[in-house]
K.L.:
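Pasting a structure here, questions to come.
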Amino acid sequence: MIEATISLVDPASVLTLFGARDQHVRQIRDSLRVNITHREGKIRVAGDEASVARATEALEELKTLAEKKGGLEPDEVRNVLFRVRGGDSLTSTMIDVQHAGQVVKPLTSGQSSYIAALRNYDLVFATGPAGTGKTYLAVAVAVEALKNQQTRKIVLVRPAVEAGESLGFLPGDLQAKINPYLRPLLDALREMMDYDQINRYTEQDVIEMIPLAYMRGRTLNESFIILDEAQNTTVAQMKMFLTRMGRGSKVVVSGDITQVDLPTHTRSGMSDALTRLKNIEGFCSVELTRADIVRHPLVQKIVRAYDENPRKRR
């Protein structure tokens with residue numbers, strides 16, 4: 001058994017680091033099987049060498065996080081523990097997509113669970129705030145499936161709903177008109193494929209990007225179908241979309257149910273479906289949280305500010 005020591009400049013930060021009723025430190029103790037004590041402004045960690053190293057790394061990271069934010073949430077502790085424990089868990093959910101020398105992999109335990117669900121279920125709903133990788137990871141798994149010949153087609157779908165402002169009549173042909181709505185999906189795709197490959201697959205109808213309204217009447221077999229911004233579907237639109245699913249297909253539905261741009265008093269098809277489908281075999285719902293946000297560090301703070309001071313919707 002060995003022991004390591006961490007010094008705390010501000011003794012008051014112990015409460016933040018340990019959490020109410022020591023909930024954070026208990027989580028670390030139980031997960032890594034170490035003994036953690038605090039005395040005279042110092043934290044002592046005792047246990048076997050590997051566990052002490054992981055616990056010390058976790059505490060140092062959480063200490064820095066607490067100093068920046070002024071507090072910690074249980075999900076953040078869970079995600080830090082996931083990273084320090086976890087080469088094996090991360091490796092098992094790495095996505096076999098390489099472009100420009102980059103490998104796509106989960107950065108949080110929530111994202112790891114999401115990737116596992118995408119691979120193991122034919123119908124997956126993902127909810128969570130902006131920046132949690134709902135769309136990006138779904139596109140990455142779809143590209144991986146195409147690369148490994150597990151699917152013959154990727155279909156990227158979005159409802160053409162404007163975020164609180166009217167864009168009027170857009171110029172150009174059909175593709176030019178729908179391009180602004182599908183741009184986020186195309187941006188994700190371009191991080192995993194080069195431009196020429198995307199154009200070639202689009203021309204060959206291997207990759208299709210369409211607004212939700214153009215899904216009516218179709219049956220999509222052996223396809224990986226992603227519906228983005230699904231909180232902006234109506235109940236009827238969601239039913240229409242889900243029933244397009246053909247043999248050998250997977251469907252991923254992602255959205256943030258706190259950012260609905262539908263007319264007032266119109267029920268979101270995503271919220272409705274989450275209730276209706278919860279007991280169906282083959283269906284999986286994944287809820288990502290603020291702790292899974294991996295964009296600019298300010299995004300997590302912005303989401304928290306809006307969540308803590310909600311304004312009544314008009």
K.L.:
Quick check on Arg276: does its CZ atom have over 12 non-hydrogen neighbours (other residues, nucleotides or ligands) under 6.0 Å away?
P.N.:
no
K.L.:
Establish whether Val235 and Met270 are linked, either directly or via other cluster members, by ILVMFWY side-chain heavy-atom contacts under 4.5 Å.
P.N.:
no
K.L.:
Could you walk me through whether Leu288 and Val286 pass the side chain to side chain contact (heavy atoms under 4.5 Å, CB included) test, one step at a time?
P.N.:
CA-CA 6 Å; Leu288 299 171; Val286 178; 4.2 Å; yes
K.L.:
Compare every heavy atom of Asn232 with every heavy atom of Asp261, then report the nearest pair and how far apart it is.
P.N.:
N-OD1, 2.6 Å
K.L.:
Report yes if some heavy atom in the side chain of Tyr114 is under 4.5 Å from a heavy atom in the side chain of Val141; otherwise report no.
P.N.:
no
K.L.:
State the CZ-CD1 distance between Phe224 and Ile207, to the nearest 0.5 angstrom.
P.N.:
12.5 Å
K.L.:
Are there more than 12 heavy atoms of other residues, nucleotides or ligands under 6.0 Å from atom CZ of Arg267?
P.N.:
yes
K.L.:
Output yes when a side-chain donor or acceptor of Thr243 lies under 3.5 Å from a complementary backbone atom of Lys239, and no otherwise.
P.N.:
yes
K.L.:
Do you know which two heavy atoms are closest between Val143 and Met192, and how far apart they sit?
P.N.:
CG2-SD, 4.3 Å
K.L.:
If you apply the rule side chain to side chain contact (heavy atoms under 4.5 Å, CB included), what do you find for Leu146 with Tyr201, and how did you get there?
P.N.:
CA-CA 11 Å; Leu146 186 65; Tyr201 279 160; 4.0 Å; yes
K.L.:
Does Val253 reach the side chain of Leu242, with side-chain heavy atoms less than 4.5 Å apart?
P.N.:
yes
K.L.:
Can you list the steps and then say if Arg54 with Val34 is a side chain to side chain contact (heavy atoms under 4.5 Å, CB included)?
P.N.:
CA-CA 10 Å; Arg54 292 190 183 103; Val34 292; over 6 Å; no
K.L.:
Quick one: pull up CD in Gln231 and CD1 in Ile257 and give me the separation to the nearest 0.5 Å.
P.N.:
9.0 Å
K.L.:
Heavy atoms only: give me the nearest Ala138-Leu118 pair and the separation to one decimal.
P.N.:
CA-CD1, 3.9 Å
K.L.:
Can a donor-acceptor pair be found, under 3.5 Å and without considering hydrogens, that links the side chain of Asn35 to the backbone of Ala46?
P.N.:
no
K.L.:
Check whether any side-chain heavy atom of Ile95 sits under 4.5 Å from a side-chain heavy atom of Arg119, and report yes or no.
P.N.:
yes
K.L.:
Compare every heavy atom of Pro106 with every heavy atom of Ser112, then report the nearest pair and how far apart it is.
P.N.:
N-CB, 3.6 Å
K.L.:
Find out if a path of hydrophobic residues (ILVMFWY) with successive side-chain heavy-atom gaps under 4.5 Å connects Ile226 to Tyr121.
P.N.:
yes
K.L.:
Rounded to the nearest 0.5 Å, what's the gap from OG on Ser51 to CD1 on Ile2? Could you check?
P.N.:
9.0 Å
K.L.:
Between the side chain of Thr289 and the main-chain N/O of Ala291, is any donor-acceptor distance below 3.5 Å?
P.N.:
yes
K.L.:
Could you check if a side-chain atom of Glu60 sits within less than 4.5 angstrom of a side-chain atom of Lys63, using non-hydrogen atoms only?
P.N.:
yes
K.L.:
Kindly give the heavy-atom pair with the smallest separation between Tyr136 and Ala188, and that separation in Å.
P.N.:
CD1-CB, 4.2 Å
K.L.:
Give, for atom CG of Leu62 and atom OG1 of Thr16, the distance between the pair rounded to the nearest 0.5 Å.
P.N.:
11.5 Å
K.L.:
Distance check, rounded to the nearest 0.5 Å: Glu57 atom CD versus Ile6 atom CD1?
P.N.:
10.5 Å
K.L.:
Is there a side-chain contact between Leu274 and Phe283, using heavy atoms and a 4.5 Å cut-off?
P.N.:
yes
K.L.:
Taking Asp22 for its side chain and Val25 for its backbone only, find out whether a donor-acceptor pair lies under 3.5 Å.
P.N.:
no
K.L.:
Do Thr233 and Met240 have side-chain heavy atoms sitting under 4.5 Å apart?
P.N.:
no
K.L.:
In this structure, are over 12 heavy atoms from other groups packed under 6.0 Å from Glu49 atom CD?
P.N.:
no
K.L.:
Decide yes or no for Leu65 and Glu61: does some side-chain heavy atom of the first lie under 4.5 Å from some side-chain heavy atom of the second?
P.N.:
no
K.L.:
Would you say that Tyr214 contacts Val157 through its side chain, given a criterion of any heavy-atom pair below 4.5 Å between the two side chains?
P.N.:
no
K.L.:
Find the distance between CD (Glu222) and CZ (Arg247) and round it off to the nearest 0.5 Å.
P.N.:
7.5 Å
K.L.:
In sequence, state the C-alpha distance, the side-chain angles, and the governing distance for Ile210 and Arg218, and then conclude on side chain to side chain contact (heavy atoms under 4.5 Å, CB included).
P.N.:
CA-CA 12 Å; Ile210 56 173; Arg218 302 185 63 182; 3.5 Å; yes
K.L.:
Taking all heavy atoms of Ala58 and all of Leu81, pick out the closest pair and write down the distance.
P.N.:
CB-CD2, 4.4 Å
K.L.:
Using only atom types and a distance under 3.5 Å, with no angle test, would you say the side chain of Lys134 pairs donor to acceptor with the backbone of Pro129?
P.N.:
yes
K.L.:
Answer yes or no: is there a donor N or O on one side and an acceptor on the other, between the side chain of Asn148 and the main chain of Gln150, under 3.5 Å?
P.N.:
no
K.L.:
Under a 4.0 Å threshold between the charged nitrogen and the carboxylate oxygen, would Asp30 count as salt-bridged to Arg26?
P.N.:
no
K.L.:
Could you check whether atom CZ of Arg152 has more than 12 heavy atoms from other residues, nucleotides or ligands sitting under 6.0 Å from it?
P.N.:
yes
